[in-house]
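These numbers come from a predicted model, not from an experiment. Per chain, numbering begins at 1; letters A, B, ... match sequence-line order.
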Number of protein chains: 2
Amino acid sequence: MAAPTRKFSRIQPEMRREHLVEATLRCLAEHGHAGVSVRKIAAAADVSIGLINHYYPSIDQLISHAYETLSGGIANGLLEASESGVGPRDSLSRFIQESFGPAVLNPDMLGVWVVFWSMVRHSADMQAVQQRTYGQYRQVLERHLAALARDNNLTDINIQAAATALNALLDGLWLTWCLNPQNFSVEDGVAMCEGWVDAFAAGAFLPRLKV
Amino acid sequence: MAAPTRKFSRIQPEMRREHLVEATLRCLAEHGHAGVSVRKIAAAADVSIGLINHYYPSIDQLISHAYETLSGGIANGLLEASESGVGPRDSLSRFIQESFGPAVLNPDMLGVWVVFWSMVRHSADMQAVQQRTYGQYRQVLERHLAALARDNNLTDINIQAAATALNALLDGLWLTWCLNPQNFSVEDGVAMCEGWVDAFAAGAFLPRLKV
DNA sequence: CGCTCTCTTGTACGAATGTTCAACAAGAGC
DNA sequence: GCTCTTGTTGAACATTCGTACAAGAGAGCG
């Protein structure tokens with residue numbers, strides 16, 4: 001009578017890992033820190049509890065892998081967006097626009113990042129991922145800022161510090177907005193960042209950021 | 001022979017609450033999210049497990065109280081520091097200096113704030129504390145920035161957006177530094193913020209931040 | 001001194017946690 | 001069609017969690 005329903009299906013390890021990471025991110029976005037749970041993630045991925053530990057010896061490694069995946073995805077999005085610009089000034093505008101896009105600026109995401117940050121201090125793996133991805137972000141900004149400085153005949157400026165500042169402004173606005181989206185509008189956020197880049201191009205930061 | 005050692009001592013409710021909050025902050029700084037534990041906090045405060053629940057019906061309320069205490073303390077420190085300045089420009093410098101002082105810029109603190117932020121989304125109490133304290137920070141910045149704008153004959157500038165941006169720059173640098181203190185030096189951090197204020201005073205943001 | 005109030009203690013309980021492991025079954029290879 | 005590999009399952013374990021609650025003990029007051 002009842003057809004013997006398939007109890008589970010096999011998937012290639014690579015696919016399964018991707019599948020688990022995706023479920024992890026969904027779980028963290030929904031439950032925040034409470035989502036760091038083998039059982040909750042297993043339920044979100046619709047697999048058994050044991051399968052998680054089959055692929056990841058400990059749950060920390062799954063979280064770490066999810067961190068790397070999310071960071072890499074966003075870094076790629078920002079890189080692609082900025083590369084599509086014509087000239088450094090336009091590239092920076094696209095970087096800013098993408099930073100305030102729905103994929104990045106999302107209150108649900110705050111719950112995810114907060115989990116990651118909380119683990120950076122106690123996990124060497126997470127520290128490594130953090131440093132690598134932060135380096136990626138800043139490197140992209142440094143390249144465009146350096147080109148912009150050259151275009152505007154700005155010399156002896158500390159590009160690394162400038163990229164750090166712009167990145168911090170973006171991060172700070174992101175954090176502020178995620179904690180309470182009513183703090184400011186997306187347009188104002190973009191305007192504040194664009195204003196910073198304009199000021200940079202005009203040499204407004206030169207006196208403080210000499211190399 | 002052995003003197004009957006006192007098993008515990010009574011303290012006035014107000015003092016006890018302060019004592020518990022202090023232990024909570026120490027616990028969060030040391031253990032991060034794992035520090036959100038009645039047992040760990042009780043051990044840190046050297047009291048019994050039950051006493052926590054005597055003063056706080058649920059642990060969330062203790063965390064919320066700790067959030068309010070820490071935020072209020074830092075807000076007071078920043079307010080006092082900035083009030084000691086002569087004129088708006090100096091006040092802002094002192095605000096910046098204090099923001100990069102050891103009481104605020106401390107990697108241990110990141111673990112504490114991360115716990116608070118993670119609870120903001122799911123707790124109305126925490127949301128209320130967040131909005132109140134963020135308003136305090138920004139209000140102080142708005143006052144000094146408005147005075148500085150007046151001194152420099154800048155009109156029709158969106159002071160609220162400017163305060164948001166400066167606050168975000170401070171927060172973003174704080175976050176970046178706490179995640180990895182080797183990202184930049186404190187002096188560079190101060191320089192980037194001072195540079196932003198200089199650019200603001202020079203009217204560099206006027207085109208983007210018209211009211 | 002003794003009474004009383006309540007601050008404080010510590011056990012108890014059910015629920016949820018991460019990890020382990022033996023058993024099952026899907027699907028490729030022959 | 002059979003075998004074998006291994007992806008997958010789910011029960012079991014010790015641990016930790018937050019909260020409840022009855023009993024104990026400090027300290028002020030009569």
Side-chain angles (χ1 to χ4, degrees), chain A residues 2-24 27-28 30-67 115 118-119 122-123 125-126, chain B residues 2-24 27-28 30-67 115 118-119 122-123 125-126:
Chain A
T5 58
R6 220 200 292 286
K7 286 197 176 176
F8 62 89
S9 66
R10 304 195 135 181
I11 304 185
Q12 291 193 0
E14 198 71 12
M15 297 281 187
R16 180 64 80 185
R17 281 203 166 81
E18 205 171 314
H19 173 221
L20 292 179
V21 162
E22 189 193 337
T24 301
C27 221
L28 292 183
E30 185 174 359
H31 302 104
H33 251 90
V36 186
S37 154
V38 177
R39 283 168 175 80
K40 285 201 180 73
I41 295 173
D46 202 41
V47 298
S48 71
I49 312 153
L51 192 60
I52 308 274
N53 280 109
H54 177 71
Y55 283 100
Y56 298 95
S58 90
I59 195 174
D60 285 0
Q61 304 191 31
L62 169 55
I63 304 289
S64 175
H65 190 191
Y67 184 19
V115 171
S118 75
M119 297 175 69
H122 298 85
S123 158
D125 284 348
M126 298 292 280
Chain B
T5 58
R6 224 199 289 283
K7 285 197 174 176
F8 63 88
S9 67
R10 302 194 139 184
I11 303 185
Q12 291 194 359
E14 198 69 14
M15 298 280 189
R16 181 64 81 185
R17 280 203 165 83
E18 205 171 315
H19 174 221
L20 292 179
V21 162
E22 188 194 338
T24 302
C27 220
L28 292 183
E30 185 174 1
H31 302 104
H33 251 88
V36 186
S37 155
V38 178
R39 284 168 175 78
K40 285 203 180 72
I41 294 173
D46 201 42
V47 298
S48 71
I49 312 154
L51 191 61
I52 308 274
N53 279 111
H54 177 71
Y55 282 100
Y56 298 94
S58 91
I59 196 174
D60 286 0
Q61 303 192 30
L62 169 55
I63 305 288
S64 174
H65 190 190
Y67 184 19
V115 170
S118 75
M119 297 174 69
H122 297 86
S123 157
D125 285 348
M126 297 293 280

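Using a 4.5 Å heavy-atom threshold, the side chains of B:Arg16 and B:Leu51 count as touching.
Separating the CD1 atom of A:Ile63 from the P atom of C:dG18 is a distance of 9 Å, rounded to the nearest angstrom. Atom P of nucleotide C:dT8 and atom CD of B:Gln12 are separated by 11 Å, given to the nearest angstrom. Rounded to an integer number of Å, the gap from B:Asp60 CG to D:dC17 P is 15 Å. Straight-line distance from the CD1 atom of A:Ile41 to the C1' atom of C:dT17: 12 Å, rounded to whole Å. Straight-line distance from the NE2 atom of B:His54 to the P atom of D:dG24: 18 Å, rounded to whole Å. In this structure, B:Ile52 atom CD1 and D:dC21 atom P are separated by 19 Å, rounded to whole Å. Atom CG of B:Asn53 is separated from atom P of D:dC21 by 11 Å (rounded to the nearest Å). Taking atom CD of residue B:Gln61 and atom P of nucleotide D:dT19, one finds them 9 Å apart after rounding to whole Å.
For B:Gln61, the CD atom is densely surrounded, since the number of other residues' heavy atoms within 6.0 Å is greater than 12.
Contact annotation for B:Ile49: base contact, defined as any heavy-atom pair under 4.0 Å involving a base atom. Residue contacts shown for B:Tyr55 are limited to sugar-phosphate atoms, with no base heavy atom under 4.0 Å away. In this structure, A:Ile11 reaches the sugar-phosphate backbone alone: every heavy-atom distance under 4.0 Å involves primed, P, OP1 or OP2 atoms, never a base.
The base of D:dG7 does not come close enough to the side chain of A:Arg16 for any donor and acceptor atom to sit less than 3.5 Å apart.
Taking both residues in full, the closest heavy atoms of A:Lys40 and A:Gly35 are given as CD-CA, 4.3 Å, listed atom of the first, atom of the second, then distance. Shortest non-hydrogen contact noted between A:Ala23 and A:Ala45 is CB-CB, 3.4 Å.
The side-chain contact (heavy atoms from CB on, under 4.5 Å) test with B:Tyr56 singles out one residue from B:Ile41, B:Val21, B:Val38, and that residue is B:Val21.
When the side-chain nitrogen and oxygen atoms of A:Lys40 are compared with OP1 and OP2 of C:dT17, one or more of them lie within a distance under 4.0 Å. Under 4.0 angstrom from either OP1 or OP2 of D:dC17 there lies at least one side-chain N or O belonging to B:Ser37.
Among the nucleotides D:dT19, C:dT8, D:dT9, the one closest to the side chain of A:Leu51 is D:dT9. With D:dT9, D:dA12, C:dT9 as the choices, the nucleotide that has an atom nearest any side-chain atom of B:Ser48 turns out to be C:dT9.
Between the B:Ser37 side chain and the B:Ala34 main chain, no donor and acceptor come within less than 3.5 Å of each other.
A:Tyr55 pairs by the ring pair (Phe, Tyr, Trp, His ring centres under 6.0 Å) definition with nothing, not counting sequence neighbours.
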Measure all distances between protein nitrogen or oxygen atoms and nitrogen or oxygen atoms of nucleotides 27-30 of chain C, and list the pairs falling under 3.5 Å.
from: C:dG27; atom 1: OP2; to: A:Arg6; atom 2: NH1; distance (Å): 3.3

